[in-house]
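This one's a predicted model, so the numbers in the text were calculated from it and none came from an experiment. Lettering follows sequence order; numbering is per chain, from 1.
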Number of protein chains: 2
Amino acid sequence: MSHCSHPAALLPEASECLRRDARKITGPRRSILEILHRHSHPMTSKEIFAQMPKGGCNLATVYRSLHLLESIGLVKRYDFGDNIARFELKASGDDGHHHHLICTRCSTVVKVETCFPPEWEKQIARENGYQKVTHRLEFFGVCPRCATQNGEVC
Amino acid sequence: MSHCSHPAALLPEASECLRRDARKITGPRRSILEILHRHSHPMTSKEIFAQMPKGGCNLATVYRSLHLLESIGLVKRYDFGDNIARFELKASGDDGHHHHLICTRCSTVVKVETCFPPEWEKQIARENGYQKVTHRLEFFGVCPRCATQNGEVC
DNA sequence: TTTATAATTGCAAATCATTTGCAATTGGAG
DNA sequence: CTCCAATTGCAAATGATTTGCAATTATAAA
Ligand SMILES: [Mn+2]
Ligand SMILES: [Mn+2]
Ligand SMILES: [Zn+2]
Ligand SMILES: [Zn+2]
């Protein structure tokens, strides 16, 4: 929701990632990065599409761009179980691994820093003969606002 | 994969659940319960459909039946992030809450008993003003078999 | 700056899992 | 055995996402 770091600082870094893979820095990609930068919570392709500046681009382009940005590690994909992919910009240096608490009423999302105990995860890997194990973890509940206006949606 | 309890013991219990809600015990529903009973891992609607005995039923009926069985608490739905719902029979008494370790190569699924620390979850709820919080947690990695035959799929 | 060309885009049609409307069928209470 | 709400088959509708293809464009090289 807020823009912490300077937006301009993002482009050079992204450019580098793109160039490294012989990809182009296009209008749609630039816009998507800016949009993700100013909304610091997971956004769906449609939400991003709706935020595109005048002229915009085709929705298919948003999908393709997000794929690319994800593949080169600039963006992280999240799945909240509603069959709609959501994307967040990864902070440079950050591996983007964190979790969320989602309101099942109004879909409000809060970042959760707590992670599943790494030791436990290693144990699970060991027990099953897996070399490396990762996880997907999201929390669900009814946010205080929705809990108040009981019955209604935020 | 194995049939632990007596399959016959399942029906009376299911019947009770269904009757309690003025629902009928039909062929398709009986078949689905039996299929889920003998495969003790999460199954997709298509997989269940493919296991239907001769005569079978329409795929739409499988979807509708699974919905119903889920709504009356006989079946639990899981989401492994591939946009295909999977279902497991709940052991009576069990709330069905557990997790899985999924091979990203061959999709083999192993049940994981370890759960996210309840105290930590309560803390997350408290911190955010939520009354009650649940979670969805799945583990991913490459199973030992797939790790060996590197490159190929099980 | 101009050129050459691989990458990108718009558009429409295709996918894929899942849902739904509706008419025909059926389980099971009375 | 009767009756009727619950169920089912079928085909069409959904909704997110993907894809084929021809037209457009970013950009490295000349
Ligand atoms: Mn986040
Ligand atoms: Mn399981
Ligand atoms: Zn809410
Ligand atoms: Zn495997």
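Residue contacts for B/A60: at a heavy-atom cut-off of 4.0 Å it reaches a base atom on one of the strands shown.
Nucleotide D/dT7 holds its P atom 10 Å from the CG atom of B/L69, rounded to whole Å. What separates CZ of A/R29 from C1' of D/dA26 is a distance of 10 Å, to the nearest Å. Computed from coordinates, the A/N83 CG to D/dT14 P distance equals 18 Å when rounded to whole Å. For the pair A/I72 CD1 and C/dA7 P, the computed distance is 14 Å after rounding to whole Å. Between the CG atom of B/L59 and the P atom of D/dC10 there is a distance of 12 Å, given to the nearest Å. Here D/dT7 presents its P atom at 13 Å from CZ of B/R19, a figure rounded to the nearest Å. Atom CG in B/L66 sits about 14 Å away from atom P in D/dT7, given to the nearest Å.
Comparing D/dA11, C/dA17, C/dG28 against the side chain of B/K24 picks out C/dG28 as the nearest. For A/T26, the listed nucleotide lying nearest its side chain is C/dT8; candidates were D/dC10, C/dT8, C/dT18. Nearest nucleotide to the side chain of A/T61, out of D/dT17, C/dG10, C/dA17: C/dG10.
Remark: A/E70 pairs with A/H67, A/R77, A/F87 by the side-chain contact (heavy atoms from CB on, under 4.5 Å) rule, at least two apart or across chains.
Put simply, the side chain of A/I35 reaches to within 4.5 Å of the side chain of A/M52, judged on heavy atoms.
Checked by atom type, the side-chain pair A/E34/A/H39 shows no donor-acceptor distance below 3.5 Å.
Exactly one residue among A/H97, A/H99, A/H98 makes a ring pair (Phe, Tyr, Trp, His ring centres under 6.0 Å) with A/Y78. That residue is A/H98.
Within the structure, every side-chain polar atom (N or O) of B/R64 is placed at least 4.0 Å from both OP1 and OP2 of D/dG9.
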